[in-house]
Each structure stands twice: as C-alpha cells, then as structure tokens.
There are 2 protein chains.
Amino acid sequence: MGTVTPLRRRDAARSREQLLDAATVLFAERGFDRTTVREIGEKAGVDPALIARYYGSKTGLYIAALHAETGDEVPPDLLQHGRMTRLLGRVSRRGAGPVFQAAVRAHDDASAQDAARAELQARLVEPLRVRFEAKGLDRPRLRAELAVAAFAGIALGRGAGAFDALADAGPDDVAALTEQLLQGLEAPVNRG
Amino acid sequence: MGTVTPLRRRDAARSREQLLDAATVLFAERGFDRTTVREIGEKAGVDPALIARYYGSKTGLYIAALHAETGDEVPPDLLQHGRMTRLLGRVSRRGAGPVFQAAVRAHDDASAQDAARAELQARLVEPLRVRFEAKGLDRPRLRAELAVAAFAGIALGRGAGAFDALADAGPDDVAALTEQLLQGLEAPVNRG
DNA sequence: ACCTCATGTCATCATGTGTGGACATCATGT
DNA sequence: ACATGATGTCCACACATGATGACATGAGGT
C-alpha cells in the first residue's frame with residue numbers, strides 16, 4: 001500500500017482489478033449466465049478480450065470474483081444478532097450474489113459449481129452447523145443446510161419479482177420474521 | 001372423450017399435446033433458459049417448428065405448460081398434513097418445476113414472468129395467507145410469501161448440488177424439518 | 001535512440017438459439 | 001379422381017455469445 005503507483009496508461013494490475021470489480025457487481029446482480037463478457041468489459045472500461053488473458057475464461061473470472069468476495073473476517077452464523085438484517089440489506093442494495101444463486105440453481109460449469117459450493121459451505125453452512133451442534137441438536141448439518149437454503153429462497157425471492165409483499169417489506173421487517181422462522185429449527189428433536 | 005379418434009398419421013391436436021408434455025417435463029427439470037426448442041421437439045417426437053405454429057413462441061409454450069400444470073383441485077396450503085411430503089417427493093422425482101424457479105429468479109420475458117407469478121400466488125401463497133389470517137396473525141400475506149420463498153429455496157436447494165446433506169436426506173426427513181421450520185411463522189407477533 | 005516485451009485493440013470464428021418461410025405431403029369433401 | 005386446406009419437414013437467417021489470434025502501441029532497460 002505504501003508504494004507510490006504512478007498513473008500509467010497501461011497497467012495490467014489495474015485492468016485486472018477493474019475487471020474483477022465489474023464482474024463482482026454484475027454477477028451479484030444478474031447471475032453468471034445473464035452476464036456477458038462484453039458487459040463486464042464495458043462496465044470495467046476494459047477490453048473484454050483481457051478477461052481471457054488475465055483470468056483464462058469467463059468462468060475463471062467468476063471463480064476469482066467468488067473468492068475475492070470472501071475478503072472478510074471469520075463469518076458469523078446467520079442467527080447471530082444483526083447478521084441477518086445486514087445481510088438482507090446488502091442483498092437489497094447489491095443483489096443476492098453468486099453464492100446464494102448457486103444455492104438454488106446449479107451451474108453448467110463444474111469448476112464454477114465446485115467453487116460456489118465450497119464458498120457456500122464455508123461461509124454460511126458451517127457456522128450454523130457448529131451453532132446447532134453446540135445446542136445439542138441432532139443432524140446439525142442437515143439443519144444448517146436447510147436453514148441456508150430457506151434463507152437463500154427468501155433473499156432471492158425479494159428480488160425475483162414474484163412476491164409483492166416480500167419485495168415491498170423493509171429489510172428489518174423481513175429479517176425479524178426470518179429469524180422467527182429459522183428459530184423453528186432450534187426446537188428439540190421431533191421424530192415421527 | 002367418447003369420440004373414437006382413428007389413428008391418424010397427421011394429428012395436430014396430438015402434436016400439440018406431445019409438445020406440451022415434453023415442455024412440461026423439460027421446463028420442470030432444467031428451467032426455461034436451459035431448455036431449447038430443439039430439445040422439446042426431439043423429446044416430443046415433433047418438429048420444433050410446430051412450436052411456433054401452435055403456441056406462437058417458446059414463451060407461449062412455456063405459459064401454456066404453466067397453466068396446464070394447474071389441472072388439479074383447489075390447492076391446499078403447504079402446512080396441511082402430508083402436503084409437504086408429497087410435494088417434496090414430486091420435486092425429487094420430476095424436478096422443482098417452473099413455478100418454484102420463478103419464485104427465486106425472474107424471467108427475462110415479461111409475460112412469462114407474469115404468468116409464473118400468478119400461478120405462484122394462486123397455488124401457494126394464497127392458501128397459506130388465508131391460513132395465517134384465520135389464525136389471527138398480523139401481515140398474513142407477508143408471512144405467506146416468506147414461507148413460500150423459504151420452501152422454494154429448500155426444494156430447489158435439494159437439486160442444486162450445493163448442499164450435500166440436504167440432497168441426501170429423504171423427502172420425509174426434509175419435510176418434517178421443513179414443517180418445523182415453517183411453524184416458526186405461526187408464532188404470535190414479535191415486534192421490535 | 002533503440003530493442004524488446006508487456007499491454008491493449010480489433011476483427012473474426014465457432015457455436016448455439018429462436019424464428020420464419022418455402023416447400024412437400026397427407027386427409028378430406030365433392 | 002381431383003382440388004384444397006391442414007399438417008409436417010427442412011433450410012436458413014439473424015442474432016448473441018465466448019473465445020482466439022493477429023496486429024498495434026506504449027513503457028522501460030541498455
């Protein structure tokens with residue numbers, strides 16, 4: 001960070017970064033399929049051919065964007081106070097993001113699918129799993145995945161244009177009800 | 001039904017039906033985007049050009065398939081006993097279906113989107129809404145949409161290949177936990 | 001000043017997709 | 001038997017998209 005980077009008219013690192021940023025935004029908004037490399041290039045102000053040069057392919061750029069998104073600290077679980085509201089707010093502003101989309105619809109490309117699944121498991125499923133396990137619930141993994149899938153449905157549903165009330169409600173309202181919903185999973189075993 | 005239909009080598013009604021059936025299956029399995037008219041034609045044993053003749057366009061066929069799916073009786077709500085297990089079982093066998101997919105991802109085409117939303121509201125949201133309203137819960141519409149969105153996430157998540165435990169669990173196990181989950185929404189108001 | 005390589009630009013290809021139209025062929029009424 | 005309309009087949013267009021490679025151009029070392 002301390003190094004002075006003179007403004008160069010040709011800067012590979014900068015081009016890479018611009019592509020990554022544009023791709024992150026567009027993939028989050030419109031998903032992988034509905035985002036074209038030309039759109040990415042246009043938004044980034046960079047020739048789309050450079051995607052192939054720097055990331056190998058559109059899929060490579062997608063995977064890079066997926067990993068770059070995970071820049072934060074250790075992820076808290078969904079049920080921790082405030083987490084859900086913040087997450088829902090971000091989804092409202094920036095779109096659901098590629099991870100949630102992958103939760104609900106498989107990718108054509110196998111490597112993209114693997115990367116998305118790994119991200120989903122690490123960032124969302126695993127924290128919930130340890131929470132449920134600490135509570136002594138049975139099948140904590142299944143419960144965690146169920147919760148994440150349900151949350152993904154809600155987060156995506158808000159922007160899908162098929163739910164009126166859900167789309168109009170504020171993030172905090174939705175978060176409150178969603179918390180209430182997910183707490184149904186923390187009840188003790190209920191076998192048939 | 002009583003009319004004897006002699007086996008004709010050329011039968012427009014039959015061709016229409018074959019196309020509709022094939023489209024129903026394929027749209028349910030792979031969604032609208034990932035299904036091509038050539039695939040539909042091949043599966044139906046009918047020339048794909050007839051889609052344009054009989055349904056106007058691929059979108060027209062999609063809408064027709066959407067409406068044809070709704071051949072059943074008055075839909076019960078998701079929380080009625082047995083309903084969820086049966087629905088999850090069907091999803092496992094035949095795919096999630098276009099309605100759930102539309103719940104989570106908007107269509108490009110406006111008329112397709114409208115049709116899917118109408119179907120979703122009538123078949124899934126509305127029954128739950130009246131249930132919640134009868135229970136005296138506030139914001140019943142929002143609760144109903146939330147529940148449907150969550151269920152859509154779970155149903156789609158099972159086949160998306162991002163959740164291991166969720167995909168491996170049996171429909172009845174998933175249904176039991178999902179019921180438990182959704183019952184969290186039937187709790188009384190919990191305003192902040 | 002010049003050489004060399006990184007970087008960027010552009011044209012183009014290969015492929016897939018929905019749609020429309022020209023033509024063939026069967027069924028049916030007279 | 002023949003005419004006519006319905007039905008089916010086939011070809012090809014127009015377009016979008018991801019990828020590739022040839023070429024131009026700027027930057028930095030010597």
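Residue numbers start from 1 in every chain, and the chains themselves are labelled A, B, ... in the order their sequence lines are given, proteins ahead of strands.
Near DNA chain D, defined here as any heavy-atom distance below 4.0 Å, the residues from residues 26-43 of chain A are Thr35(A), Thr36(A), Val37(A), Arg38(A), listed numerically. Of the residues in residues 49-59 of chain A, those placing a heavy atom less than 4.0 Å from an atom of DNA chain C are Ala49(A), Leu50(A), Arg53(A), Tyr54(A), in numerical order.
Straight-line distance from the CZ atom of Arg10(A) to the C1' atom of dA6(C): 8 Å, rounded to whole Å. The distance between atom CG of Asp11(B) and atom P of dT9(D), rounded to the nearest whole Å, is 13 Å.
Within the 4.0 Å cut-off from OP1 or OP2 of dT7(D), not a single side-chain nitrogen or oxygen of Ser15(B) is found.
With a cut-off of 3.5 Å on both Watson-Crick or G-U wobble distances, the partner of dT30(C) is given as dA1(D).
Panel note: side chain Tyr54(B), backbone Leu19(B); no donor-acceptor pair is recorded below 3.5 Å. Side-chain atoms of Arg123(B) never come within 3.5 Å of backbone atoms of Pro75(B) as a donor-acceptor pair (strictly under, hydrogens ignored).
With Phe27(B) as the aromatic partner, Lys58(B) does not meet the cation-pi criteria of under 6.0 angstrom to the ring centre and within 45 degrees of the ring axis.
Within the structure, the ring-ring contact (aromatic ring centres under 6.0 Å, His included) test picks out the following pairs touching residues 149-181 of chain A (sequence neighbours left out): Phe100(A)-Phe151(A).
Taking OG of Ser57(B) as the reference point, atom CG of Asp109(B) lies at 7.0 Å (rounded to 0.5 Å). Distance check, rounded to the nearest 0.5 Å: CG of Leu26(A) to OG1 of Thr36(A) gives 8.5 Å. Note: Ile154(B) CD1 to Thr178(B) OG1 = 4.0 Å, rounded to the nearest 0.5 Å.
A 4.5 Å side-chain heavy-atom check between Pro171(B) and Arg86(B) finds every atom pair outside the cut-off.
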